[in-house]
Amino acid sequence: MRRSRAFIPTSKEAPSDATLPSHIFLARAGFITQVAAGLYNYLPLAKRVIRKIENIVNEEMVKVGAQEVELSFVTPADLWAESGRIEKFGKELLRFKDRKNNLFVLGPTHEEMMVDLVRNRVTSYKNLPLNLYQIKTKFRDEARPRFGLMRGREFIMKDAYSFHASTEDLDREFEAMEAAYKKILTRLGLDFRVVEADSGAIGGSGSKELMVIADSGEDTIAICSKCEYGANIEAASRSARALVPEAPVADFNKFLTPDTKTIDELAEFFKVDPYYTVKCVAKRVVYEDESEIVLFFVRGCDNLQEVKALNATEALDIVDVTEEELKELGLEPGFIGPLDQVKAKHVIDSDLKGATNMICGANEDGYHFIGVDMSILDDVVYFADIAEVNEGDICPYCDGKLSFTKGIEVGHIFKLGTTYSKPLKAEFLDENGKSQPFIMGTYGMGISRLVASVIEQHHDESGCIWTKETAPYMVNIMISNIKDEAQVEAGEALYEQLQNANIEVMLDDRKERFGFKMKDAELIGFPYTVIVGKELVDGNVQLFDRATKTKESMSVADIFDKLMEFI
RNA sequence: CGGGGUGUAGCUCAGUAUGGUUAGAGUACCUGGUUUGGGACCAGGGGGCCGAAGGUUCGAGUCCUUUCACCCCGACCA
């Protein structure tokens, strides 16, 4: 491509609202333009990068035996009602009616559509397993789209769906897909981590997220210092502490503790480690048609993890409550404890099961219980893992310590089981002629988010640095002075030579100054720029490496071979 | 969905407290000239329903009302 003909509107200034490097540089370098909140146009350079990522995804999907399909973007609302997700997804589903007044939904993900496609068409265990995928635009009417391509309302996702006759076969496919996803991210040149995750609105038994490590990531992940364990903070677990602080041994008693409403005040009052205190977090738990206040109890040194709390109560939502609401129930904020009190449902963190020498609220203004043995609650209360892990906690699989880092969720793979096949009545006949719902898996990967992720990990103050597998063009030939006929001739010759060798090459033939064209090349981020300039009189050109920003002189005769070596 | 902010040239922004010729700068763009190794310089030029609608006024980018859009913090979210 000749730069003089290319539609690459670069700019010195970033959009005023852009904060992330990926957003700033993709906009400045002429890859994307914004249309409306969370909606972007992909310009020629972006389109080329997207196609490259898609090609890699396609290659790896073919290797694991998945088949590409493309399902309708507009999906009948009836299907969403059938699975029950029309409520669960809520306003994120963009709904509209056609001229015949039928309700439709723009597809935010395609479990229902895919199940509908397969049910009654695959009806025998002999035709399983089956893995179908597509790469397609999705639409989710996010409450607050932001960060450019990172969180758009319209985005490109690769979504795969597998169908199995047994959970063992699903496990096998899940592992194969995880391996394929790792391969894709590795080929793209990304630093990533596979972590355990919460299954969210998609549902299902087990799920893992593929996180690209980046400070700008919106997710916090806990990773082990010794082993491979990593988990989203929403799902991270830990081992019980090996070393515990000295226990405040005491007989059970009610103790006057005026004005000690917070854990800090309580720990200070008794001069004990917050580890031995019981913290109460009251929340309103919302179900489909009702809601109730639930008291969550964790150790004073821990915090409630709301996603875990949501899962423990099987609720749709969890919202804050006011002190007034608690007082109406007869509870005493600051002094709420799990003993002798049945005014609201209790959920106690499993780390408190059997704990002794604890201090907790006595449900009476100004009083706490001391010397509490939590095991007396064993049979009467619901225990669940609801505490958020802290940095420095012990890994659940080894004796390593957990630390936090930020990640961009670029992939999420789920073992769905029969979550969708059952309600949608998608069944097959097994060896015994018995009807069974499909055992399913679903595997998503954000293609447009990957474009942004590559730049989050590969950029500097001058702009984008594309990896070899993602670069829109591998080589940029820069003719320093377009009025110098010898430079033009040498540039054109190399341009033709590289094109004939099927190298993706840009020829910067614009009538601009050296500095202007270099800045432009650095902003766009071509891996290599060949500078045809003042050294040509000695028969030399320079090879500029974008990643290292170094220039190497070499003879015109050698440049082609040298490039072929690098690419 | 709560709280806040901003809408003026393709882009980044002045101008609005105190209404008053023809609405500005930088950048980008066009023409001519000079320049040609790190976003050059000189001269000339095109480009605006001042987000939209209504109102106040002799007169509105500026004041009032309504509305829309976009952004930020939070809630939410593969």
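Atoms considered below: every heavy atom in the structure, side chains included; atoms not considered: hydrogens, waters and symmetry mates. Just so we're on the same page: letters track the sequence lines, and every chain starts at 1.
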Inspect the contact between A:Lys406 and A:Asp215 and indicate whether a charged nitrogen and a carboxylate oxygen are less than 4.0 angstrom apart.
no
Heavy-atom nearest nucleotide on RNA chain B for A:Ile482 versus A:Asp520: which residue maps closer to 5'?
A:Ile482
The side chain of A:Glu409 lies closest to which of these nucleotides: B:A78, B:G39, B:G26?
B:A78
Quick one: A:Lys551 NZ to B:G37 P, roughly how many Å, whole number?
11 Å
Name the closest nucleotide to the A:Ala143 side chain, picking from B:A75, B:G39, B:C77.
B:A75
Ring centroid separation for A:Phe566 and A:Tyr528, is it under 6.0 angstrom?
yes
At less than 4.0 Å, is any side-chain N or O atom of A:Gln542 found next to OP1 or OP2 of B:G37? Yes or no.
no
In terms of side-chain heavy atoms of A:Arg28, which of B:G37, B:A78, B:G39 is nearest?
B:G39
Once you apply a heavy-atom cut-off of 4.0 Å, does A:Met445 come out as touching a base, just sugar-phosphate, or nothing?
nothing
Side chain A:Glu512 and base B:G38 donor-acceptor under 3.5 Å:
no
In whole Å, measure the gap between the P atoms of B:U6 and B:A78 for me.
33 Å
For B:A17, does the O4'-C1'-N9-C4 or O4'-C1'-N1-C2 angle fall within 90° of 0, making it syn, or is it anti?
syn
B:U56: pairing nucleotide in any strand, Watson-Crick or G-U under 3.5 angstrom:
none
Could you state the atom-to-atom distance from CD of A:Glu552 to P of B:G37 in whole Å?
22 Å
Residues A:Glu492, A:Arg2: salt bridge by 4.0 Å N-O rule:
yes
Base partner of B:A78, which must satisfy Watson-Crick or wobble distances under 3.5 Å:
none
Less than 3.5 Å between a donor and an acceptor, one on the side chain of A:Lys517 and one on the base of B:G37, is that the case here?
no
Separation of A:Ile447 atom CD1 from B:A78 atom P, in whole Å?
19 Å
Integer angstrom distance from the P of B:U8 to that of B:C13:
10 Å
Check every strand shown and say whether A:Gly446 touches a base, only sugar-phosphate, or nothing at a heavy-atom separation below 4.0 Å.
base
Any base atoms under 4.0 Å from A:Gln34, or only sugar-phosphate, or nothing? Heavy atoms, all strands.
sugar-phosphate
P-based separation of B:G26 from B:U62 [nearest Å]
25 Å
Just checking A:Pro108: base, sugar-phosphate only, or nothing, at a heavy-atom cut-off of under 4.0 Å?
nothing
Between A:Glu234 (CD) and B:A78 (P), how many Å, whole number?
8 Å
Does A:Ser16 place a side-chain N or O at less than 4.0 Å from the phosphate oxygens OP1/OP2 of B:C13?
yes
Taking 4.0 angstrom as the limit, do A:Asp141 and A:Lys91 come out as a salt bridge?
no
Taking the side chain of A:Phe514 as its heavy atoms from C-beta onward, which of B:G39, B:C77, B:G37 lies nearest to it?
B:G37
Nucleotide nearest A:Asp17 when distance is taken to its side chain, options B:C11, B:C71, B:G39:
B:C71
With nearest nucleotide decided by heavy atoms, which residue, A:Gly533 or A:Pro145, maps closer to the 5′ end of RNA chain B?
A:Gly533
Just how far, in rounded Å, is C1' of B:G37 from CG of A:Leu536?
14 Å
Could you check A:Lys279 against A:Asn303 for side-chain hydrogen bond (donor to acceptor under 3.5 Å, both in side chains), going step by step and ending with a plain yes or no?
CA-CA 8 Å; A:Lys279 181 192 285 185; A:Asn303 288 310; 3.0 Å; yes
Answer for the Watson-Crick or wobble partner of B:G7, both distances under 3.5 Å, is B:C68
Charged N to carboxylate O under 4.0 angstrom, A:Glu461 versus A:Lys549?
yes
Please work out if A:Lys511 contacts a base, only the sugar-phosphate, or nothing of the nucleic acid, heavy-atom cut-off 4.0 Å.
base
Is it true that A:Arg284 and A:Asp320 have a side-chain N and a carboxylate O under 4.0 angstrom from each other?
no
Where does the angle between the aromatic ring planes of A:Phe25 and A:His459 fall among parallel (under 30°), tilted (30 to 60°) and perpendicular (over 60°)?
tilted
Length of the line joining A:Glu112:CD and B:A78:P, which is rounded to integer Å:
14 Å
For A:Glu522, which contact category applies under a 4.0 Å heavy-atom criterion: base, sugar-phosphate, or nothing?
base
Which one is paired to B:C49, where only Watson-Crick or G-U wobble pairs with both distances under 3.5 angstrom count?
none
Using whole Å, what does the distance between atom C1' of nucleotide B:A78 and atom CD of A:Glu142 come to?
9 Å
Please measure how far the C1' atom in B:U66 lies from the corresponding atom in B:G59, and state the result in whole Å.
23 Å
Take the protein atom CZ of A:Arg146 and the nucleotide atom P of B:C76, then report the distance between them rounded to whole Å.
11 Å
Could you work out the separation of B:G4 and B:G45 based on their P atoms and round it to a whole Å?
48 Å
Roughly how far apart, to the nearest Å, are B:A9 and B:C50 at atom C1'?
11 Å
Using the C1' atom as the reference point in each nucleotide, state the distance between B:G3 and B:G48 in Å, no decimals.
34 Å
Has A:Arg144 got a side-chain N or O lying under 4.0 Å from the OP1 or OP2 atom of B:C72?
yes
Any donor-acceptor pair, under 3.5 Å, between the side chain of A:Lys483 and the base of B:U36, if you only look at N and O atoms?
yes
Rounded C1' spacing from B:C41 to B:U36 in Å:
12 Å
Would you mind pulling out the nucleotide paired to B:A43, Watson-Crick or G-U wobble, both distances under 3.5 Å?
B:U31
If we ignore hydrogens and angles and just use 3.5 Å, is the side chain of A:Asp538 paired with the main-chain N or O of A:Asn540 as donor and acceptor?
no
Is there a Watson-Crick or G-U wobble partner for B:A25 with both distances under 3.5 Å, and which nucleotide is it?
B:U12
If only side-chain N and O atoms of A:Lys138 are considered, is one of them under 4.0 Å from the OP1 or OP2 phosphate oxygen of B:A78?
no
Side chain of A:Met518: nearest nucleotide among B:A78, B:C71, B:G38?
B:G38
